[in-house]
Each structure stands twice: as C-alpha cells, then as structure tokens.
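Worksheet: the structure to be examined is printed underneath.
Note: hydrogens, waters and symmetry copies are ignored here, and every other heavy atom, side chains too, is used.
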Amino acid sequence: SIFEQQLVEDAAIELYERYGITFDNETIIDGQPLPVFQELYEILLSQPNTQRVATILKRFATGSASIFNGRTNVEEGRYNVYDLSGLEGDVQIIALLVVLNRVQNLVRADRTERKLVLLDEVWTLIGPTSTERTTQEVFELIKLIRGYGGILALGTQEIEDTFSYREGKYGKALINGSKIKVMMNMEPEECAITGKIIGLTDMEMRSILSFQRGEALISVDEIRIPVSIRLSDAELEVITTDREQLQKIIRKEKEQCGN
C-alpha cells in the first residue's frame, strides 16, 4: 500500500542518516561505506507497524534473493558486461532495474565521452515477461543516450515476443526509432511482422527468408542494401556458438597443447 511504501522510505532515510548521508549530495563521499539491505530489514522488523513489510522483504535480506544484500563489488572499466541470464522471475526484473539504473548513470557521467550500449535479447526487456517499469526504463535509456554522445544497439531473435507486450506498442517504437536496422534470416511469421512495420517489399522479404549465415539486409532510412559478412578465423573462434565449430576449436587447442 502507499502507506507501507512511505514507512519503508522513512526507514531507508533513517538508515542512511546513520551513515551520515542525507538528501544533501555533499554528504556523499567517494569510498565511504554504505548500508546493505539487511540493515533496512532489521529496522523494519524492529517496528510493530512495519513487521508485515519486513516479512515480505525477508528473502532479500536472508533468503533466496539475498544476492541484493551486499555492497556493489563490480569493478567497471571501459568494457563492462552485465549478464542476467541466470536469474528468473522478479529477481531478474529487480536486477535488470539495478543494471539499467547503473548504465544510465554511466551514460550521464561525461557528455563529451563517446559510448556504446549493447542490449541483447531485447525481447526479454519489452516482451511477454516484461513489466511496465522495465520497459519504461529501457526507453528512458534510449532517449537519454542520444543526448550524451552515445549509441544504443539492440539485438533480438524473438521478433514475435518483442511485439507481444502491449499489442506491440514498444516493439514498433523500437524499430521505428532505430536509425540503422540489420535483418538476418527470419521465420516467415517474423518476417511478415517486420516487413509490415518497416515497409519491406515482397522481394526483400523473400531475400531475408533465404539468407544464409552471415547474410543480412541493412536498412538506413529508405536505403536498403544486402550484405554478406565474412569473418576471419580468429574472429570466428571468439564469437561462434556453432557446436561443430566449437568442437573443431577444442580439438585444435588440444593438438596445440600436445605439441
């Protein structure tokens, strides 16, 4: 309820004040210790009118979702990867919101610095398993990065799922708002959906349906160009997920070790 939300906020304010942190940004010092979730849980548990909320939040302090009960230990550099594939349900959604918030802060840090953000499997962010909050955060990032000298690249293999949330409202907005579109081989249903939104010709859709690995149609505004991408052996070894190619790489490494 709104009442309990306010009680949680009051407890959070009290907790941060214990660490000397207030709404005044001057009280935040680099490197100073910050509170963890269990401390908030203990405050809520100690007060009769917030014990119900404490019980609901207990798993984030000592239970199955206690991965959030700790201080940030990410060492960020010029190239950072956030992998949420091992998380499920509401835990994944919360982690996603944490990561998106962090990425937005990194984007804002320096308007003069060039930056690139890659979001893979974007259907998980705006598809059937998404929420209104996570979807809004994705679009907030899209609007934000344009004004901070950045580029946002989105990738997905599940076109139908990308257009299943809110009757495809957000999926259409993503495609229509993308300056450059790269379309690889698709299933007929996916190609039909994409073609209708982008305005592909019948010939372009037939080409997409027949594309082999490494072939794609690049669309920039009204210009569309078919391309064939060829990788060097070194590049292929880094990015391939093909089972047979991976087996060849493993055999090659074993042979080299044997020599």
Side-chain angles (χ1 to χ4, degrees), residues 1-21 28 30-77 79-107 117-142 154-158 160-166 170-171 241:
S1 67
I2 297 176
F3 175 72
E4 288 176 322
Q5 287 179 11
Q6 185 59 54
L7 292 177
V8 172
E9 181 174 324
D10 292 342
I13 293 172
E14 176 187 337
L15 175 57
Y16 274 92
E17 286 178 344
R18 293 180 185 181
Y19 282 78
I21 299 173
I28 302 175
D30 287 342
Q32 74 180 110
L34 296 172
V36 295
F37 194 88
Q38 184 164 353
E39 294 173 285
L40 176 63
Y41 165 72
E42 290 171 353
I43 291 177
L44 295 172
L45 190 63
S46 67
Q47 300 173 356
N49 58 345
T50 56
Q51 288 181 351
R52 174 182 175 275
V53 180
T55 301
I56 295 172
L57 299 177
K58 181 179 180 180
R59 70 188 184 101
F60 294 100
T62 60
S64 60
S66 59
I67 59 170
F68 298 105
N69 183 36
R71 295 182 173 88
T72 299
N73 58 3
V74 177
E75 295 183 6
E76 293 167 330
Y79 181 70
N80 306 299
V81 178
Y82 302 94
D83 183 5
L84 307 182
S85 59
L87 304 177
E88 297 179 350
D90 59 349
V91 173
Q92 185 185 58
I93 292 173
I94 294 170
L96 175 61
L97 292 172
V98 171
V99 169
L100 286 173
N101 179 260
R102 180 55 186 162
V103 171
Q104 289 177 13
N105 289 338
L106 290 173
V107 169
V117 177
L118 305 175
L119 295 180
D120 196 15
E121 302 295 357
V122 74
W123 67 272
T124 63
L125 308 181
I126 63 170
T129 60
S130 183
T131 67
E132 193 71 18
R133 176 68 186 280
T134 55
T135 303
Q136 289 175 353
E137 289 296 319
V138 171
F139 276 84
E140 179 63 29
L141 177 59
I142 292 172
L154 307 171
T156 185
Q157 296 183 41
E158 304 294 340
E160 289 188 86
D161 284 341
T162 303
F163 290 96
S164 65
Y165 185 64
R166 298 287 187 181
Y170 293 109
T241 57

Just verifying a value: how many Å separate [X] [atom1] and [Y] [atom2], rounded to the nearest 0.5 Å?
X	Y	atom1	atom2	value
L154	L125	CG	CG	8.5 Å
W123	Q157	CH2	CD	10.0 Å
L57	N69	CG	CG	11.5 Å
F60	F68	CZ	CZ	6.5 Å

Would you check if [X] and [Y] make a side-chain contact, meaning some heavy-atom pair closer than 4.5 Å?
X	Y	answer
T72	R102	no
I67	V91	yes
L87	I94	no

### Task
Let me see the working for V74 and N80 under side-chain contact (heavy atoms from CB on, under 4.5 Å), right down to the final yes or no.
CA-CA 9 Å; V74 177; N80 306 299; 5.7 Å; no

Considering non-hydrogen atoms only, spot the tightest contact between [X] and [Y] and give its length.
X	Y	result
L96	L84	CA-CD1, 3.6 Å
L7	N49	CD1-O, 3.6 Å
Y19	P33	CD2-O, 3.4 Å
V36	R71	CG1-CG, 3.7 Å
Y41	A54	CE1-O, 3.2 Å
L40	L15	N-CD2, 3.6 Å

### Task
Tell me, yes or no, whether the heavy-atom count around E88 atom CD, taken from other residues, nucleotides or ligands under 6.0 Å, exceeds 12.
no

### Message
Could you walk me through whether V8 and T50 satisfy the side-chain contact (heavy atoms from CB on, under 4.5 Å) test, starting with their C-alpha distance in whole Å, then the side-chain angles of each, then the deciding distance to 0.1 Å, before giving a yes or no?
### Response
CA-CA 8 Å; V8 172; T50 56; over 6 Å; no

### Query
After noting the C-alpha distance and the side-chain angles of L97 and N101, does the key distance pass the side-chain contact (heavy atoms from CB on, under 4.5 Å) rule?
CA-CA 6 Å; L97 292 172; N101 179 260; over 6 Å; no

### Result of checking Q136, R133, E137 against L100 for side chain to side chain contact (heavy atoms under 4.5 Å, CB included)
E137

### Y16 and E39: side chain donor to acceptor below 3.5 Å
no

### Query
So, the side chain of S1 versus the backbone of E4: is there a donor-acceptor pair under 3.5 Å, distance only?
yes

### Query
Quick one: does Q51's side chain have a donor or acceptor within less than 3.5 Å of a partner on L45's backbone?
yes

### Task
In sequence, state the C-alpha distance, the side-chain angles, and the governing distance for I126 and T135, and then conclude on side-chain contact (heavy atoms from CB on, under 4.5 Å).
CA-CA 5 Å; I126 63 170; T135 303; 3.9 Å; yes

### Task
Just do the ring pair (Phe, Tyr, Trp, His ring centres under 6.0 Å) check on F139 and Y170 with the steps written out, would you?
CA-CA 9 Å; F139 276 84; Y170 293 109; 5.2 Å; yes

### Message
I need the full list of side-chain hydrogen bond (donor to acceptor under 3.5 Å, both in side chains) pairs touching residues 55-67, with sequence neighbours left out, sorted by first then second residue.
### Response
R59-D90

## Note on the structure
Applying side chain to side chain donor-acceptor pair (under 3.5 Å) to D10 and not counting sequence neighbours gives Q6

#### Entry: For D161, side chain to side chain donor-acceptor pair (under 3.5 Å) partners two or more places apart
none

